[in-house]
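Below: the structure, in structure tokens.
If you're wondering where the values come from, they're calculated on a predicted model, not measured in any experiment. All heavy atoms count here, side chains included; hydrogens, waters and symmetry mates do not.
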Amino acid sequence: MNNFVSLWAIMEFTMNVNGLLMNLSTPQVMGILNVTPDSFYAGSRRQTEQGIVERINQMVADGAAIIDVGGCSTRPGAPLASEEEERERLRFALDIISRERSDIPVSVDTFRPDIARMAVEEYGVAIINDVGSLEQQDMFRMVARLRVPYILMSQEPTMRKMLLSFSEKVQRLRDFGARDIILDPGFGFGKTLEQNYEVMAELEKLQVMELPLLVGVSRKSMIFKKFGCTPDEALNGTTALNTIALMKGAHILRVHDVREAVECVKIVDSLKLIV
């Protein structure tokens with residue numbers, strides 16, 4: 001366990017967020033706001049102005065450094081929202097956030113290049129969180145042109161395939177001129193229950209890429225299917241996996257429950273000081 005803390009302490013990064021450097025030497029927490037009717041965890045859904053304001057204010061008060069906004073559910077089996085539906089949902093939410101909390105960096109969770117462009121150019125969104133572009137080459141070109149941090153998610157089922165895929169895609173992104181690339185191993189995407197845990201067991205191997213690492217396991221099926229419970233009952237498992245991810249090198253935790261994740265960061269940070 002101490003070896004993981006030592007490795008994590010070595011890999012320190014910053015990223016340019018709207019012209020300011022965000023220091024990732026202490027991991028940051030990204031809070032989830034879904035402006036969709038069908039995301040898998042109801043606790044993250046908000047579709048009214050009051051609900052959005054209350055959600056973002058609570059997440060910021062609990063310690064979120066970034067708010068991640070999604071307008072199109074990627075829940076397995078969910079119907080895919082049209083691009084216009086996603087655009088309208090995001091504009092509604094981003095209007096409110098830019099008015100109420102312009103002090104907090106915003107990430108947009110999308111796989112559509114034109115949605116990414118709209119979010120950055122019209123609302124000053126700081127980060128694009130790509131959940132798996134259908135036309136990834138176009139997204140690579142777009143984020144390079146927009147010059148914003150980009151979260152590259154993998155749907156590969158094994159660490160070996162993931163490393164090979166990340167190596168090739170990171171090179172393509174750099175060839176286009178992209179900066180501030182963050183890697184997301186994509187827990188819950190393209191992986192069986194067992195493969196999710198195998199990737200978590202080897203998570204520290206991603207440090208060979210020398211890029212910041214985002215982990216999003218919050219209330220996912222790798223937890224609630226393992227215990228035969230519901231997403232509402234998956235907070236304890238989420239906290240356990242978030243702590244393991246931090247010990248293995250995570251720089252950003254993407255979560256529904258911000259306060260609990262911030263506590264995980266503080267505990268691991270305290271262990272770091274002892275090593």
Regarding [X] and [Y], does a basic nitrogen lie under 4.0 Å from an acidic carboxylate oxygen?
{"X": "R219", "Y": "D232", "answer": "no"}
{"X": "R101", "Y": "D103", "answer": "yes"}
{"X": "K205", "Y": "E202", "answer": "yes"}
{"X": "E156", "Y": "K161", "answer": "no"}
{"X": "R145", "Y": "E121", "answer": "yes"}

Consider only side-chain heavy atoms of I, L, V, M, F, W and Y, link residues closer than 4.5 Å, and tell whether F227 and L241 are in one cluster. yes
Taking M153 as the starting point, is it possible to reach I128 by hopping between hydrophobic residues whose side chains are less than 4.5 Å apart?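 No.
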Short side-chain to backbone donor-acceptor contact, [X] and [Y], under 3.5 Å:
{"X": "R55", "Y": "I32", "answer": "yes"}
{"X": "Y197", "Y": "M222", "answer": "yes"}
{"X": "E204", "Y": "M247", "answer": "no"}
{"X": "K226", "Y": "E194", "answer": "no"}
{"X": "D180", "Y": "M15", "answer": "no"}
{"X": "R259", "Y": "D62", "answer": "no"}
{"X": "K266", "Y": "C264", "answer": "no"}
{"X": "S154", "Y": "P185", "answer": "no"}
{"X": "H251", "Y": "L24", "answer": "no"}
{"X": "K225", "Y": "L193", "answer": "no"}

Go through the side-chain N and O atoms of Q136 and K169 and say whether any donor and acceptor fall under 3.5 Å apart.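 A donor-acceptor contact under 3.5 Å links the two side chains.
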Would you tell me whether E54 and Q50 have side-chain atoms, one donor and one acceptor, within less than 3.5 Å of each other? yes
For the atom pair [atom1] ([X]) and [atom2] ([Y]), what is the distance rounded to the nearest 0.5 Å?
{"X": "R117", "Y": "T110", "atom1": "CZ", "atom2": "OG1", "value": "12.0 Å"}
{"X": "D184", "Y": "I252", "atom1": "CG", "atom2": "CD1", "value": "9.5 Å"}
{"X": "N242", "Y": "I267", "atom1": "CG", "atom2": "CD1", "value": "11.5 Å"}
{"X": "I182", "Y": "L213", "atom1": "CD1", "atom2": "CG", "value": "10.5 Å"}
{"X": "D68", "Y": "H256", "atom1": "CG", "atom2": "NE2", "value": "9.5 Å"}
{"X": "R112", "Y": "D130", "atom1": "CZ", "atom2": "CG", "value": "12.0 Å"}

Below 4.5 Å, heavy atoms only, C-beta onward: do [X] and [Y] meet side chain to side chain?
{"X": "M22", "Y": "Q28", "result": "yes"}
{"X": "V108", "Y": "L94", "result": "yes"}
{"X": "R179", "Y": "Y150", "result": "no"}
{"X": "Y123", "Y": "V106", "result": "no"}

Can you spot which of [options] makes a side chain to side chain contact (heavy atoms under 4.5 Å, CB included) with [X]?
{"X": "L90", "options": "E88, R87, E86", "answer": "E86"}
{"X": "M30", "options": "L214, V255, I67", "answer": "L214"}
{"X": "V148", "options": "I127, V120, N16", "answer": "V120"}

Pair V125, N18 - check side chain to side chain contact (heavy atoms under 4.5 Å, CB included), show working. CA-CA 8 Å; V125 162; N18 287 337; over 6 Å; no
Give the minimum heavy-atom separation between C72 and F111, together with the two atoms involved.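 Answer, listing the atom of C72 first, then F111: SG-CE2, 4.0 Å.
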Give the intermediate values and the outcome of side chain to side chain contact (heavy atoms under 4.5 Å, CB included) for residues V268 and T243. CA-CA 7 Å; V268 174; T243 304; 4.1 Å; yes
Go through it in stages, so that I can follow the logic: the residues are L163 and M209, the test is side chain to side chain contact (heavy atoms under 4.5 Å, CB included), and I'd like the CA-CA distance, side-chain angles, deciding distance and then a yes or no. CA-CA 8 Å; L163 284 168; M209 297 295 301; 4.1 Å; yes
Taking atom CG of D95 as the centre, report whether more than 12 heavy atoms of other residues, nucleotides or ligands fall under 6.0 Å from it.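 Count over threshold, so yes.
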Test side chain to side chain contact (heavy atoms under 4.5 Å, CB included) applied to L206 and F166, step by step: CA-CA 9 Å; L206 287 174; F166 273 148; 3.9 Å; yes
Could you walk me through whether R254 and D109 pass the salt bridge (Lys or Arg N to Asp or Glu O under 4.0 Å) check? CA-CA 11 Å; R254 181 180 181 272; D109 182 338; 2.8 Å; yes
